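Let me begin by presenting the structure, written as structure tokens, before commenting on it.
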Number of protein chains: 2
Amino acid sequence: MPPGARARARAETSRAILDEARRQLAREGAAALSLRSVAREVGMVSSAVYRYVASRDELLTRLIVEAYDAIGEAAEGARDDGAGPRAQWRAVWRAVRAWAHEHPAEYGLIYGTPVPGYAAPTETIPAAGRVGVVLAGIVVAHGDPGAVGGWPSVVRDDVLPELARPVVVPAVVAWTQLFGTVGFELFGQYENVVTDRDAYFDAVADAAATSVGLPAGR
Amino acid sequence: MPPGARARARAETSRAILDEARRQLAREGAAALSLRSVAREVGMVSSAVYRYVASRDELLTRLIVEAYDAIGEAAEGARDDGAGPRAQWRAVWRAVRAWAHEHPAEYGLIYGTPVPGYAAPTETIPAAGRVGVVLAGIVVAHGDPGAVGGWPSVVRDDVLPELARPVVVPAVVAWTQLFGTVGFELFGQYENVVTDRDAYFDAVADAAATSVGLPAGR
DNA sequence: TCCTCGTCAAGAGCACTGCTCTCGATCCGT
DNA sequence: ACGGATCGAGAGCAGTGCTCTTGACGAGGA
């Protein structure tokens, strides 16, 4: 009998709890996520799940980390090195938007209102930057640093060090614009305002591509 | 004795409830806002406040409306018709940012994650647009419609009808950018990324001003 | 082989929440 | 002066997060 039998069982119920929690998050939203109800659904009593998660907050934190990873993975997978710079850029933007539409509650969890008194745990920090890194990768490969406007130097030197310094500020602006646009659409601010949201989004992506110095064309 | 004595008393406790609710919202966040605890603080029993608000959701809705009004008012008050176009633009952007920093929880309430199953009540819709209207007012007064890039026509015709059609899409983009940037800063995404947030914000505002066709200079 | 130790699920319980219902008291217009 | 509407209080229900204790089970050491 493998010595890790008990450890594997533990990992399995741990997964079951996380999965059920994510299901409830998607179905009812973060506010309605109840530890007791995931316990019920998973076939345990509520006190038993406390052997696996320390608190409701910790459960949410795990979901946050998983969400950051998932959206980062979606972005990384969407980039196709064989395509033209702007096609790559657009593909990544679209992938982020598509992921957000498929997982609105998770998206809200990571890019929505943070809970006060809830310091973002350190384990979320690296995961949060993955989409930005993908975007930066396209810029360093195909961007023309001479083609960007003049921006003040207001970004830390150790952020995206692979990027030429004049490009890093517009890159941060573009990164902000991506999530700002997705969030506004997802949270309903474009209701009764923007008609063709696909075309609108692509147009914003294209303008952002120009602002970071990607060449015109494909 | 004025005939409206009882009505005035009602209005007063109504105000007291709202005020206490806003205090708790600011202090503990929306998730921790409890009807029972505002009742306690206001000196009533919980069932009594149900004579004034139908539910916790309705309490939140009233706070949302008040927040939209407050941020709209801040934006309107910041515009100084005597100043130059870009100075007006910058002043409005800064006022929105300042209001958000002073009222982070309220900002999160209106521009953060919406509660699922919670349809934005109709009374919030007009209030939500006020900042956009202020921005549009500056553009119609001083913008050069010929100075904006080519954008697809993807915005409803009855939105910001005072704006020349080619300008309306970049105006929506700028509006998105304002709240996207404020939100990213407020929700901590710029932590360890942007150093001088004031300068960064002003630079974004200026770039947005250019994109909607405001003339260079003051 | 037996026996102990650590792990786990279960149950009871506490303090809290939103919300409903009923019951007196009070106020207002007729 | 009275009758109806209005209002506050209290009890109560179902649900929550979280803690503590109790009992069962399996794995490793004597």
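In what follows, chains are A, B, ... by sequence order, proteins preceding strands, each numbered from 1. What you are looking at is a predicted structure, and each value in this text was computed from that prediction instead of being measured.
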Judged by atom type as modelled, is there a donor-acceptor pair below 3.5 Å linking the side chain of B:R56 to the main-chain atoms of B:L33?
-> yes
Please output the side-chain donor-acceptor pairs of residues 105-113 of chain A that fall under 3.5 Å, not counting sequence neighbours, one pair per line with the distance.
{"residue": "A:Y107", "atom": "OH", "partner": "A:F179", "partner atom": "O", "Å": "3.2"}
{"residue": "A:T113", "atom": "OG1", "partner": "B:G108", "partner atom": "O", "Å": "3.0"}
{"residue": "A:T113", "atom": "OG1", "partner": "B:T113", "partner atom": "N", "Å": "3.2"}

Taken to the nearest whole Å, CZ/A:R8 to P/D:dA27 is 12 Å
Contacts to DNA chain C from residues 41-52 of chain A, heavy-atom cutoff under 4.0 Å, which residues?
-> A:M44, A:V45, A:S47, A:A48, A:R51, A:Y52
Quick one: B:R10 CZ to D:dC7 C1', roughly how many Å, whole number?
-> 9 Å
Residues which pass salt bridge (Lys or Arg N to Asp or Glu O under 4.0 Å) with A:R36, listed by chain and number, not counting sequence neighbours = none
Nearest-Å distance, CD1 (A:I17) to P (C:dC8)?
-> 11 Å
With rounding to the nearest 0.5 Å, note down the distance linking CD in B:E66 to CG in B:L25.
-> 10.5 Å
Only pairs at least two apart or in different chains count here, so list each side chain to side chain donor-acceptor pair (under 3.5 Å) that has a residue in residues 86-97 of chain B.
-> B:R79-B:Q88, B:R86-B:D206, B:R86-B:T210, B:R94-B:D202, B:R97-B:E185, B:R97-B:D198
Do we see a donor-acceptor contact under 3.5 Å between the side chains of A:Q24 and A:S34?
-> no
Nucleotide D:dC7, atom C1' - distance to CD of B:E12 in whole Å | 16 Å
Under 3.5 Å, which N/O atoms of the protein pair with N/O atoms of nucleotides 15-17 of chain C?
{"residue": "C:dT17", "atom": "OP1", "partner": "B:S34", "partner atom": "OG", "Å": "3.2"}
{"residue": "C:dT17", "atom": "OP1", "partner": "B:R40", "partner atom": "NH2", "Å": "3.4"}
{"residue": "C:dT17", "atom": "OP2", "partner": "B:R40", "partner atom": "NH1", "Å": "3.4"}

Any salt bridge between A:D19 and A:R23, counting N to O under 4.0 Å?
-> no
Partners passing side-chain contact (heavy atoms from CB on, under 4.5 Å) against B:E76 (at least two apart in sequence or in another chain) | B:R130, B:V134
